[in-house]
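The sequence lines fix the lettering, A, B, ..., with proteins before strands; numbering per chain opens at 1. Here the structure is a predicted model, which means the values were calculated and not measured. The basis for the numbers below is simple: all heavy atoms, side chains too, and nothing from hydrogens, waters or symmetry mates.
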Protein chains: 2
Amino acid sequence: MATISDVAARAGVSTATVSRALNGKSTVAPELVARVAAAAKALGYQPHGPARNLRRQETAVLALIISDVENPFFTALARGVEDVAHADGYSVVLCNSDEDAEKERRYLAVALQERVAGVIISPSGGTTGIDVLAGHGIPVVAVDRPLPAGTGDAVLVDSVLVDSRKAAFSATEHMMKEGYERIACISGPTGVRTADDRVIGYQDAVHRGLELVRRTEYRAGGAHAATIELFAQPGRPDAVLVANSAMAIGVLDALRELGLRPGRDVGVVAFDDAAWAGLVDPPLSVVAQPASEMGQAAARLLLARIADPHRPPTCTTLAAHLIPRASSTR
Amino acid sequence: MATISDVAARAGVSTATVSRALNGKSTVAPELVARVAAAAKALGYQPHGPARNLRRQETAVLALIISDVENPFFTALARGVEDVAHADGYSVVLCNSDEDAEKERRYLAVALQERVAGVIISPSGGTTGIDVLAGHGIPVVAVDRPLPAGTGDAVLVDSVLVDSRKAAFSATEHMMKEGYERIACISGPTGVRTADDRVIGYQDAVHRGLELVRRTEYRAGGAHAATIELFAQPGRPDAVLVANSAMAIGVLDALRELGLRPGRDVGVVAFDDAAWAGLVDPPLSVVAQPASEMGQAAARLLLARIADPHRPPTCTTLAAHLIPRASSTR
DNA sequence: TTGTAGGCGTTATCAC
DNA sequence: GTGATAACGCCTACAA
């Protein structure tokens with residue numbers, strides 16, 4: 001693998017000149033830059049990133065740690081991050097923490113050790129390890145979920161969130177207006193802020209205890225089981241608010257097994273406007289979140305903080321909006 | 001940011017000893033390793049990855065370059081790669097080329113410059129840049145799609161593919177047995193091997209020209225337009241083979257707009273067993289691909305080649321299987 | 001304008 | 001068993 005001195009030797013100049021020529025720095029005689037370029041090409045020279053980063057003490061790569069690559073919400077968010085980052089010359093590496101605190105810690109450690117320029121993360125719970133990052137001067141932006149309380153207190157962390165509570169409230173209220181009276185709520189794990197907020201928003205609307213609330217992992221399987229269980233009990237629900245699209249699949253599956261038709265027999269509204277939501281029968285009412293915009297906003301905040309580490313931290317809260325379809329209309 | 005010499009100073013030993021102690025190398029007096037550990041902890045010492053990689057000339061990170069993060073097939077594949085890589089102590093960074101040759105080149109360049117240990121890629125077309133990688137001794141595994149002809153000829157590249165042609169043949173034959181007679185095919189871009197193969201397999205079965213074949217990008221929008229166009233012409237199809245799940249959404253949408261019911265009015269089989277496929281009305285027949293297994297196989301091949309760069313290249317071809325549901329049953 | 005030389009943080013090779 | 005010391009490949013004062 002050719003190094004800068006190989007290039008220098010072949011071009012008959014010093015390594016300093018090669019470096020300057022290749023980086024378009026200061027003034028190098030046009031003839032020399034041509035010679036250098038030719039030599040570099042001939043040798044298939046590729047600058048050694050680690051060496052360069054070691055010397056410059058900086059990298060042009062951002063880490064994006066998301067809690068579930070298989071969730072379309074997060075992949076849409078990732079696209080938003082990439083678009084903004086690429087426009088500014090940064091590359092984005094995607095890390096999948098899989099809602100697993102251990103994997104999250106691991107990726108955080110990698111990000112720190114590789115000295116990435118910054119990190120965007122959707123924290124998967126009672127995370128630690130973020131303080132370490134920020135403590136070492138690596139900027140962090142929290143997206144979709146805030147950092148756990150007590151984390152990042154002393155450091156400057158921006159966040160980009162959705163008003164989940166309000167969105168859950170609107171969705172629940174919508175179902176009440178449609179005449180549903182016993183509305184259930186199937187949400188994600190306790191301790192995950194979006195999941196907690198969706199329950200709180202739901203409660204704001206129904207003024208009821210937790211007897212119709214079920215918490216499970218953010219996946220189809222758990223939601224399926226929760227649905228079966230909810231509808232097996234006496235005083236079964238007549239509607240359900242579902243906290244994300246993976247769970248919606250489990251719920252719809254379960255309802256079909258139970259012979260219950262959404263819209264007619266039971267109202268259903270789910271978070272996230274999945275591509276297939278309009279295709280099921282009847283079409284699924286959803287709370288659409290601006291995933292891509294969230295990613296863009298997070299990336300912009302991160303880049304801004306990289307440029308100016310001392311700017312005051314901000315918290316951007318975006319709104320979600322209800323798209324009523326037949327599954328919640330009698 | 002504490003360095004190894006800070007730790008050495010605090011522990012009252014040399015940097016060499018710190019390095020050895022922290023890496024569990026050779027023989028260091030138990031007392032010293034304790035002192036070093038304490039000092040490192042007190043200082044919040046984190047090894048500097050680039051420096052270490054520079055010195056060691058190796059990294060424990062793999063790059064996975066996929067053509068579409070928003071496609072569930074690729075995210076499932078990514079999970080497979082991660083599982084195997086993590087078990088072996090490697091981290092995986094995910095790069096989204098977005099079916100864009102330019103972005104692909106860019107990520108390839110990043111992978112090369114950062115000197116990752118290896119690359120798994122689903123090539124997005126007439127890619128160049130892979131030779132460069134392999135030429136520099138970085139192992140490459142092609143997944144889902146083979147490298148373009150003429151690429152990587154001289155170098156050792158493993159690949160993990162699906163027998164798309166056979167799968168398309170089976171799916172088409174299945175529809176013929178169900179009595180459909182004018183079967184159309186909506187596939188991805190020309191030059192993308194999976195898309196080409198699905199058309200060929202289809203033709204193997206129908207023994208017909210290309211008048212009912214449409215090629216478009218691998219997304220819902222293009223498939224939607226193609227469907228509308230196909231069904232507007234005289235001698236409209238009575239069935240359609242769709243090349244992936246994003247396209248299936250476009251097709252199903254279009255059919256609904258046209259007032260055509262899958263299964264009864266028009267047979268539909270799509271590639272990829274998306275989570276929602278069983279939920280639509282009627283349930284969608286699919287060709288299920290072993291995405292996660294493909295990722296696992298690719299990762300294993302890559303790790304094997306990293307361990308032994310001279311092993312002969314292999315090509316693993318996995319089978320897909322048809323899951324007939326109501327959309328292709330009269 | 002160009003070259004020389006030092007150092008970024010580690011690890012590996014030698015002495016001791 | 002431990003400590004100097006020399007690289008790894010690059011960039012950038014500083015000197016010429």
For the atom pair CG (A/L302) and CG (A/D88), what is the distance rounded to the nearest 0.5 Å?
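Answer for the CG-CG pair, A/L302 versus A/D88, is 10.5 Å.
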
In a check of side-chain hydrogen bond (donor to acceptor under 3.5 Å, both in side chains) between A/S124 and each of A/E102, A/R105, A/E99, A/E104, which one passes?
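Among A/E102, A/R105, A/E99, A/E104, the one meeting side-chain hydrogen bond (donor to acceptor under 3.5 Å, both in side chains) with A/S124 is A/E104.
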
Using whole Å, report how far [atom1] of [X] lies from [atom2] of [N].
X      : N      : atom1 : atom2 : result
B/N23  : C/dA12 : CG    : P     : 8 Å
A/I4   : D/dG9  : CD1   : P     : 11 Å
A/R35  : C/dT1  : CZ    : C1'   : 13 Å
A/E114 : C/dG9  : CD    : P     : 15 Å
A/Q113 : C/dT11 : CD    : P     : 10 Å

If only side-chain N and O atoms of [X] are considered, is one of them under 4.0 Å from the OP1 or OP2 phosphate oxygen of [N]?
X     : N      : result
A/K25 : D/dT12 : yes
B/T27 : D/dG1  : yes
B/T3  : C/dG9  : no
B/T17 : D/dG3  : yes

Note down the inter-axis angle between the two ends of the helix from C/dT1-D/dA16 to C/dC16-D/dG1, five pairs each, to the nearest 10°.
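Both end axes considered, the difference amounts to 40°.
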
A/R311 backbone acceptor or donor facing A/R305 side chain under 3.5 Å:
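Looks like yes, one N/O pair under 3.5 Å.
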
Looking at residues 44-58 of chain A, who's got a heavy atom less than 4.0 Å off DNA chain C?
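Only A/L54, A/R55, A/Q57 qualify.
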
Taking the side chain as everything from C-beta on, heavy atoms only, tell me whether [X] gets closer than 4.5 Å to [Y].
X     : Y      : value
B/V81 : B/V143 : no
B/T3  : B/T15  : no
B/L94 : A/N96  : no

Between B/E31 and B/R35, is there a salt bridge with N-O shorter than 4.0 Å?
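Looking at B/E31 together with B/R35, the answer is yes, because their closest N to O distance falls below 4.0 Å.
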
Salt bridge (Lys or Arg N to Asp or Glu O under 4.0 Å) for A/D68 and A/K103? Distances and angles first, verdict last.
CA-CA 11 Å; A/D68 184 6; A/K103 287 193 192 174; over 6 Å; no

Closest to the A/L32 side chain: C/dT2, D/dG1, D/dG3?
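The nucleotide sitting nearest to the side chain is C/dT2.
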
Name the closest nucleotide to the B/R20 side chain, picking from C/dT2, D/dG3, D/dT5.
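From the listed options, D/dG3 comes nearest.
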
Could you tell me whether the side chains of A/S67 and A/Y218 share a donor-acceptor contact shorter than 3.5 Å?
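No donor-acceptor contact under 3.5 Å links the two side chains.
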
May I ask you to say what B/A16 touches in the nucleic acid, namely base, sugar-phosphate or nothing, with a heavy-atom cut-off under 4.0 Å?
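The answer is base, as B/A16 lies within the cut-off (heavy atoms under 4.0 Å) of a base atom.
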
Counting the atoms with a prime plus P, OP1 and OP2 as sugar-phosphate, which does A/S19 contact under 4.0 Å by heavy atoms, base, sugar-phosphate, or nothing?
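Touches a base.
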
Both A/M1 and B/G12 contact DNA chain D. Taking the nearest nucleotide for each, which residue is further toward the 5' end?
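Nearest nucleotide further toward 5': that of B/G12.
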
Polar side-chain contact A/R115-C/dG9 base: donor and acceptor under 3.5 Å:
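A donor-acceptor contact between them is absent.
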
Could you please spell out the steps behind the side chain to side chain contact (heavy atoms under 4.5 Å, CB included) verdict for B/F74 and B/D144?
CA-CA 9 Å; B/F74 286 113; B/D144 184 51; 3.6 Å; yes

